[in-house]
Engineer: 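The structure's right below; bear with me while I get my questions together.
Only heavy atoms go into these numbers, but all of them, side chains included; no hydrogens, no water, no symmetry mates. Below, read A as the first sequence line, B as the second, and so on, with proteins coming before strands; counting in each chain starts at 1.
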Amino acid sequence: MTEYNHLEVEKKWQEKWSESKIFESKEDSKKEKYYCLEMLPYPSGDLHMGHVRNYSIGDVYARFHRMKGKNVLYTVGWDAFGLPAENAAIKNKIHPAKWIKQNIACMRKQLKALGFSYDWNREITTCDPKYYKWTQWFFIKMWEKGLVFRKNANVNWCPVCQTVLANEQVSNSVCWRCDSHIEHKVLEQWFIKITDYADELLEGHKHLGEWSQQVLSMQKNWIGKSYGVEIDFKIPGSDKNLKIFTTRPDTIFGVTFMVVAPEHEIINELKSKIKNYKQVSQYIIASGRKSNIERVSNKKKTGIKIEGINALNLATKKEIPIFTADYVLTEYGTGAIMAVPAHDQRDWEFAKKFDIPVIEVIKGNNFDVSKHAYEDEGILVNSGEFSGIKSVDAFDVVSNWIEKQGFGKKTVIFKLKDWLVSRQRYWGAPIPMIYCDRCGIVPVSEKELPVLLPEDVEFTEAGKFHLKTNKTFINVKCPKCCKAAIRETDTIDTFVDSSWYYLRYCDSHNDNAPFVSVKADYWMPVDQYIGGIEHACMHLIYARFWFKVMRDLGFIKYDEPFTNLLTQGMVTIGGSAMSKSRGNIVNPDEILIKYGADTTRLFILFAAPIQKQFDWSFDGVEGCWRLINRVWCLFDVVNTKSIAVASHKDKNDILRAMHKTVKKVTFDIEKECQFNTAISSIMELVNELYLYKYHANDDGVSLEVYKTLILLLAPITPHLCEEIWEKLGNNEYISFHTWPVFDENMVKDSSIEIPIQINGKLKGKITISADASEIEVNKAVNSDEKISNYLKDKQIVKFTYVKNKIVTIVVK
RNA sequence: GCUGGGGUGGCGGAACUGGCAUACGCGCACGUUUGAGGGGCGUGUCCUUAAUCGGAUGCGGGUUCAAAUCCCGCCCUCAGCACCA
């Protein structure tokens, strides 16, 4: 047999698969469905190793389940709106649409060269009007349902470029393009009321038992449900109250100061009373330049005392100072806190810096609050009538008392914020809303959808697109009164596009609806979703939310979109993420050309466990290439019956090894998502077969094992396996051949080797029958020469046989 | 800072529910095949030792007959933090 020519073989099968359209799927109620989904890629230019990792996993699942006899939906699309296309447009003087189109063509070619078994007939692109028509349609549905609203929000504003900046476009409070200091500007924005679903998003975790604890706890924290108390602190000399939220009402007697966020309205409301207003407003401007992460992560707390006003703690009846400090965020709670330096480290640091008293109200064992805040449980002290009770009980006792006294009430708050979906950018789906002087805000009528994004726009060096000055776009008739009105020029956040694409895959070509329920009901929910861990919170919460809204609108009947989730680790290089901005992207083409798609796929699955980060290196690619060639060369070996050389391997040994491998590979793919160990066990079987290869008169055993081996490898290295399968005389595609089964009897060993530990140290091994009793084992141990030597002159304190695992003996 | 991961040979990693640490692969060394090179095939490869003994899973403690795995306290590192997707 000639040397394996990956270029020829891979091209041959890719063409065959494409021409025969075997991977195009249709609804078939008689067949069990399997929906395998990968996170929608952004067409950034070239495929990178993170994509290859993601889709190699997906393709293994898709192919594995096809072989298991399921009707598989597996396709791909493009998350094509968004910032990088605009940046490229400005940099290279190319229209975003054109840039995106080029990138998609390039990446599509690469995906095909990797042999992924996509149903290309269902491919979608989010910037295609046929797609975003329905994104806009959903937006209107949500508006009608009262889930869309407008309110003011802070944006990063570059005063020189006169444009809104994304967080990514700001580093160290400076605009990335012109280096000028950014400002925070308040603009009216569109929001979606995701907080209406906060509780359900949290409760829904109960039905996501197959998701990793890691993702669930990240989401839980992101949603951030906390039980606490809203408490009013009076401001003497004014009619204002300072409302705060705390999860620690038990510490109310330890409050020695208050902190409000720099954006807090009270500062403006009591402006006339504030003696150092000038300094305070300077501080507010300075903190406005920092990002939230900068504000919160700095260990050295900053802030300023607001002179002229105080707060009255109704628990202690004492007046305490009010500060403003940027470690308190306006978005969370009420934007103001009661500070308890003795029991919160952030407050403690602030108190030390500003020389504020620290009053201990929770007593811990041997703990000195003058050195550090005590944040654990304890007994209340210095707390009036509540002194002496346990802090765990105090939450209820104190908050009930506060409610009774009438200066606060128990409440639940979430960290989850309403979803800001408007973008002051060009390259996105236009928000389908119209401002009419008479009728107010009116949605575009359904028959006018999609609101097409005009293509004839200029973009300037400053990173600005002239959608607002495009008269044919903005001047419109009000759908209600037919008088002149103005169109919204903001576009929709791309996270909206990617919140429902998996439903469009179910019915990609429908021009009358986003999808029909019959099809969605058949394919949904997604059986296996695969993507990066970095999406654990935002995308995966938005998509779950969107799905629940659609359920409530009556479009689908399920509660959760993704049954199983596999979060792959990042592919890094030198320990840091590959990204266009870092310029450290490894293009898969190099190994694709040299070694082929099968080796590339095999390598990326074998190199590291899939959930873990994989630091890129070419070391090891050779080993995968070698395996493919060893498998290829075995074809001749199993067909050469004439060579009769004594083999030290028995027929039954190799059959047993085969059954064990089938069991291991099936389990690793289906249950454990452990592709690296599945592959290593296939490698072991190949090694076994090489040791066995020259066995005379093997009654076709080597051929049987070889066929099984090819079937096991088929989802991972499909081109090689199709080729060998054909050479073995099969006319059907291996891609649809039945997955091998194993015989449980052949997996069990009759005799096993058991280690023997004496006083916790390994001292020897014995071979016993698998069903031996403890008495028989004891006998075998005593008759072992080496062990009995150890046991001589010693008293046996304890003898334990853990069945099929270990013998331990404790001696004196 | 908060939240969530991770740390095992020269390297990527394996180890079921607490039960033989280092499977599989890379690299390296030696042998063999070959005119040579490449490639293939085979053997060896945690440290220490002639061998036994002994020691080793980021660091320090603890629980247990038995700990990479469980508990307590540290260190290092990666990811996310709401306008990148």
Side-chain angles (χ1 to χ4, degrees), chain A residues 3 39-42 44 79 81-84 87 153 155-156 164-170 189 212-215 217-218 220-222 224 291-299 301 327 331 345-346 415-417 419-425 493-495 498 532-539 541-542 569-570 572 575-577 579-581 603 606-609 611-615 617-624 626-627 629-630 633 672 674 676-677 679-684 687 690 753-762 764-765 797-800 802 804-811:
Chain A
E3 200 183 306
M39 284 182 188
L40 192 62
Y42 184 81
S44 55
D79 191 12
F81 275 135
L83 194 59
N87 294 335
V155 293
N156 300 314
V164 176
L165 297 175
N167 285 343
E168 200 192 50
Q169 297 174 308
V170 179
Q189 301 276 345
S212 69
Q213 269 311 309
Q214 180 183 358
V215 173
S217 60
M218 282 166 90
K220 190 179 166 197
N221 188 256
W222 186 271
S291 71
N292 279 359
I293 295 170
E294 281 176 88
R295 283 170 56 159
V296 174
S297 20
N298 200 342
K299 224 169 158 129
K301 301 274 177 281
Y327 77 96
E331 293 94 341
Q345 189 57 26
R346 293 162 299 183
K415 273 197 196 121
L416 185 73
K417 294 184 259 182
W419 180 6
L420 198 170
V421 291
S422 48
R423 296 290 180 269
Q424 288 70 51
R425 291 183 199 290
D493 178 12
T494 56
F495 274 114
S498 59
I533 183 72
E534 66 274 19
H535 297 288
C537 291
M538 303 181 68
H539 164 64
I541 288 179
Y542 293 142
M570 310 249 296
T572 59
S576 51
S579 73
K580 262 229 144 138
S581 53
F603 172 62
F606 179 63
Q611 290 93 336
K612 276 211 224 161
Q613 182 183 318
F614 168 44
D615 202 53
S617 150
F618 274 102
D619 296 348
V621 180
E622 286 282 343
C624 292
R626 243 169 253 166
L627 179 81
N629 280 282
R630 276 162 71 79
C633 293
E672 296 290 303
Q674 287 190 10
N676 56 332
T677 52
I679 292 165
S680 71
S681 66
I682 290 172
M683 286 172 168
E684 284 176 275
N687 292 344
Y690 263 88
E753 198 179 49
I754 291 284
I756 297 160
Q757 278 185 356
I758 297 175
N759 288 353
K761 298 258 182 260
L762 181 72
K765 286 172 186 180
V797 181
K798 198 171 158 192
F799 179 96
T800 320
V802 183
N804 293 355
K805 287 232 170 88
I806 200 165
V807 170
T808 65
I809 304 168
V810 184
V811 296

Engineer: Considering only side-chain heavy atoms of Ser680(A), which listed nucleotide, U3(B), A85(B), A23(B), is closest?
Structural biologist: A23(B)
Engineer: Kindly label the base of G9(B) as syn or anti, based on whether its glycosidic torsion lies within 90° of 0.
Structural biologist: syn
Engineer: Take atom P in G73(B) and the same atom in C20(B), then report the distance between them in whole Å.
Structural biologist: 28 Å
Engineer: Can you tell me how far P in C11(B) sits from the matching atom in C72(B), rounded to whole Å?
Structural biologist: 30 Å
Engineer: Taking N and O atoms by type only, does the side chain of Lys765(A) place a donor or acceptor under 3.5 Å from a partner on the base of C20(B)?
Structural biologist: yes
Engineer: Can you figure out which of C24(B), A85(B), G19(B) approaches the side chain of Leu83(A) most closely?
Structural biologist: A85(B)
Engineer: When rounded to the nearest Å, what value does the distance between C1' atoms of G80(B) and A85(B) take?
Structural biologist: 13 Å
Engineer: Counting Watson-Crick and G-U wobble pairs only, both distances under 3.5 Å, name the nucleotide matched with C16(B), or none.
Structural biologist: none
Engineer: Are Leu40(A) and His539(A) close enough that some pair of their side-chain heavy atoms sits under 4.5 Å apart?
Structural biologist: no
Engineer: Considering only the C1' atoms, how many Å lie between G55(B) and G9(B), rounded to the nearest integer?
Structural biologist: 14 Å
Engineer: If you look at every strand shown and take non-hydrogen atoms under 4.0 Å, does Val802(A) touch a base, only sugar-phosphate, or nothing?
Structural biologist: base
Engineer: Give a yes/no on whether any side-chain N or O of Gln213(A) is located under 4.0 angstrom from OP1 or OP2 of U3(B).
Structural biologist: no
Engineer: If pairing requires Watson-Crick or G-U wobble contacts with both distances under 3.5 Å, which nucleotide is the partner of U64(B)?
Structural biologist: none
Engineer: Mind checking the P distance from G6(B) to A14(B)? Whole angstroms is fine.
Structural biologist: 12 Å
Engineer: Let's test this: given Watson-Crick or G-U wobble pairing with both distances under 3.5 Å, identify the partner of G1(B).
Structural biologist: C81(B)
Engineer: Just by distance, do the side chain of Arg423(A) and the backbone of Leu420(A) share a donor-acceptor pair under 3.5 Å?
Structural biologist: yes
Engineer: Distance check: side-chain N/O of Asn676(A) vs OP1/OP2 of A14(B), anything under 4.0 Å?
Structural biologist: yes
Engineer: Confirm from the modelled atom types if Gln424(A) and C83(B) form a donor-acceptor pair under 3.5 Å, side chain to base only.
Structural biologist: yes
Engineer: So what does His535(A) hit on the nucleic acid, given a heavy-atom distance under 4.0 Å: a base, only sugar-phosphate, or nothing?
Structural biologist: base
